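Written out below as structure tokens is the structure these notes cover.
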4 protein chains.
Amino acid sequence: MAKKTGEKYQNIIEAAVKVIAQHGYHQAQVSKIAREASVADGTIYLYFDNKADVLVSLFKEKMGAFVQATRERIELLERADDRLRELIYMHLWQMSQNRDWAIVTQIELRQSDPVVRAGINQALKEYLKLIDEVIFLGKEQGVFRENVEHRVARKMIFGTLDEAVTSWVMNDRKYNLVSLVEPIHNLFINGLKVEKQ
Amino acid sequence: MAKKTGEKYQNIIEAAVKVIAQHGYHQAQVSKIAREASVADGTIYLYFDNKADVLVSLFKEKMGAFVQATRERIELLERADDRLRELIYMHLWQMSQNRDWAIVTQIELRQSDPVVRAGINQALKEYLKLIDEVIFLGKEQGVFRENVEHRVARKMIFGTLDEAVTSWVMNDRKYNLVSLVEPIHNLFINGLKVEKQ
Amino acid sequence: MAKKTGEKYQNIIEAAVKVIAQHGYHQAQVSKIAREASVADGTIYLYFDNKADVLVSLFKEKMGAFVQATRERIELLERADDRLRELIYMHLWQMSQNRDWAIVTQIELRQSDPVVRAGINQALKEYLKLIDEVIFLGKEQGVFRENVEHRVARKMIFGTLDEAVTSWVMNDRKYNLVSLVEPIHNLFINGLKVEKQ
Amino acid sequence: MAKKTGEKYQNIIEAAVKVIAQHGYHQAQVSKIAREASVADGTIYLYFDNKADVLVSLFKEKMGAFVQATRERIELLERADDRLRELIYMHLWQMSQNRDWAIVTQIELRQSDPVVRAGINQALKEYLKLIDEVIFLGKEQGVFRENVEHRVARKMIFGTLDEAVTSWVMNDRKYNLVSLVEPIHNLFINGLKVEKQ
DNA sequence: TATGAATGAGCCTTCATTCAT
DNA sequence: CATGAATGAAGGCTCATTCAT
């Protein structure tokens, strides 16, 4: 039904990101997005099934690019621990590069209704799969412990990065997010404990 | 103006948790909460300023008890690493004990509007402070590394636990959440890396 | 049912005048009047049938005193034109003496619902009767023209005074209302026309 | 935001007059007005900012036409006393022509809240200005006395006409309002006093 | 394809009144 | 007589979606 291509399709998605970032999820009415995209309200329904579809599509498009960029970069590296560092870097760097997107993904889109949430979670799986791959590789390479539960490690990696970005956005991005790459990586690899002498 | 005590006050909060867990945030109308609490709609406004106040109060009450219970338990232990394990345990155990509360806190309340969010974040700070205390203690005791950034560690601990519970709720609680205590604690303490022989 | 006497009865009426003058008709809730009168909400219903009854009683009490005071004063005078001047004077003087009452009667009570209006109109009749008496006397005395329609003259007298007070209240009582007595009386007696030489 | 023109705009205003006249101000819900105008509730908000705006617009539209029609008619006449008679005639005639409008303007709209009142008073000023013009002209022409306070005269003229129409509406229009033109005019011009022989 | 005017379902909150104490 | 906690009905407004042009 909805033609999910074309210049206007992209325009609408960009407009939605901008409007949500600027006015917040609850003030991002269809008509406001339409105005920002310089189309009529009804035109949005030629490209999307409904408002939720706009939000899910937006997340999928952006998240798809996000994951792909990350994957391309980490696959240039050999060792799993280096890949992990690169994944952390890409996550924080990409978020810090796009102010609007960070606000939308960390704050605003979390207010959305169950339908949108379901779509978002679907899109997130691709990213979680990427994280899993790094963990599995690390085990294969003997770089990560065999007895690490990969599901737990995945939660730690994603949960920490997510919390880091949310916290950074909520604190009005007062510090350099990328500066957290090394401390986070260090913590993931070495844990909290003091090394035995 | 609002009398924030009494049996009805508690009833309304319990009713709100139940209704939100059962019907979702966007279907938790004041009248539905009132019916569940066996009071008239107007009675809610004798105890709360408005609907947002119900939600914020609910979170503060529950979160306050959550933090206090956790604090009481961990302070029985000496070592920071044991306290961390107890904190992880209490977090996961308390969430797994109360199905409704887990749904409300991990899924539904995140959809709330900025006013509610602000109140929630305020209440969360107390918990983050508790996590910080454990980290600082660990450094003092020489159990955790001095060079660990406590803000980063705090994000790791909270982010991981939060993600773990969310994931568990979203997967319809198919597994035992408390079984994650040891793997998570192990990961936090030892990190991913293989121990040198 | 309602016991329309006693100290509290008076207190409630005075409280109602004060609250309405201060907060406006639409912000004059029963509970606010009760608090001002230092009684419980329910107590009001021991002295009045309902809220409308408070307002009507209030108007009747005050208007009764208003009319009686006016009547007593004008009956001291012989000539109808002097009585008319005194009536104008009493109307404007009494209103200018009691700020709250002027606001209540000219602005706030006009916003009331039909039931209250009906009660007010009833109470007003006594005053209109007094005006009529002056007109009839004037005709008898040969001071006022016989061919003046008394109903029309009554409307002129009441309408003008009413408009004068309303206008004065709405302009924040910036001028001395009593200074209008002579001009108004003059206009009533002589009309607009230039006297023939 | 509100598009204050078009056929529907007029329809809604007419519907509002009808509904208010028929059911009273406090029973004139937006949905009732919408039904009467054969539009959806929401459509009203395409043409008006809110309910108060409907009422204020209604008054302004009607009052504007009222004043203009009166102005056009009186300006055909030379003498100020003739103009005054025409103004009285137009006031009473226009009111007696439109039963609903008379009820709305004399009874129902006076119950409105402060916001609406403010809008109404603004619109009334134009009419008071017209009355002033007649008074000034009369003085210039030597038809009215120079020492008549124009503000007082204005209050007499408006107050009397307003009271006459209100009284007529409240008495269920049992008599012919226009029959009051001559007596009122006579009273305004000649006053109450008996002419000296 | 594109438009944008029209639709109408849905909900938080107030406050006059009651009645058990 | 007096209290005041509890009741519950009622309505203005928003905004995603449609459809005639």
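Below, chain A is the first sequence line, B the second, and so on; all start at residue 1. It should be emphasised that the depicted structure is a prediction, and the values quoted were computed from it without experimental measurement.
Taking both residues in full, the closest heavy atoms of B/A16 and B/L58 are given as CB-CD1, 3.6 Å, listed atom of the first, atom of the second, then distance. Smallest separation of non-hydrogen atoms from C/R117 and C/S112: CD-OG, 3.6 Å. D/V115 and D/V56 make their closest contact through O-CG2, 4.4 Å (heavy atoms, listed as atom of the first residue, atom of the second, distance). Counting all heavy atoms, side chain and backbone alike, B/S57 lies closest to B/K4 at OG-NZ, 2.9 Å. The shortest non-hydrogen separation linking C/W101 to C/K62 is CH2-CB, 3.3 Å.
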Step by step, would you call B/E36 with B/N11 a side-chain hydrogen bond (donor to acceptor under 3.5 Å, both in side chains)? CA-CA 9 Å; B/E36 178 69 36; B/N11 287 350; over 6 Å; no

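Spacing of C1' atoms, F/dT21 relative to E/dT1, comes out at 13 Å, to the nearest Å.
Rounded to an integer number of Å, the gap from CZ of D/F48 to P of F/dG12 is 15 Å. In this structure, the CD1 atom of A/I44 is 14 Å from the P atom of F/dC15, given to the nearest Å. Between the NZ atom of D/K51 and the P atom of F/dG12 there is a distance of 4 Å, given to the nearest Å. F/dT14 atom P lies 13 Å from atom CG of D/D41, rounded to whole Å. Spacing between atom CG of A/D113 and atom C1' of F/dC15 amounts to 14 Å, rounded to whole angstrom units.
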Give the dot-bracket string for DNA chain E, reading 5' to 3', where a pair is Watson-Crick or G-U wobble with both distances under 3.5 Å, ( ) marks pairs inside the strand, [ ] marks pairs crossing earlier ones, | marks a partner on another strand, and . marks unpaired. .||||||||||||||||||||

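The aromatic rings of D/Y9 and D/Y47 sit tilted relative to each other, their planes meeting at an angle between 30° and 60°. The aromatic rings of A/Y127 and A/F66 sit perpendicular, their planes meeting at an angle over 60°, well past the 30° parallel limit.
The shortest side-chain heavy-atom distance between A/Q27 and A/Q29 falls under the 4.5 Å cut-off. For the pair A/V169 and A/T166, the minimum side-chain heavy-atom distance is 4.5 Å or more. Residues B/L55 and B/Y25 form a side-chain contact, since some pair of their non-hydrogen atoms from C-beta on lies under 4.5 Å apart.
The span of DNA chain E lying next to chain B, judged by atoms under 4.0 Å from heavy atoms, is bounded 5' to 3' by E/dC11 to E/dT14.
Sorted by residue number, the members of residues 6-40 of chain C with any non-hydrogen atom under 4.0 Å from DNA chain F read C/K8, C/V39, C/A40.
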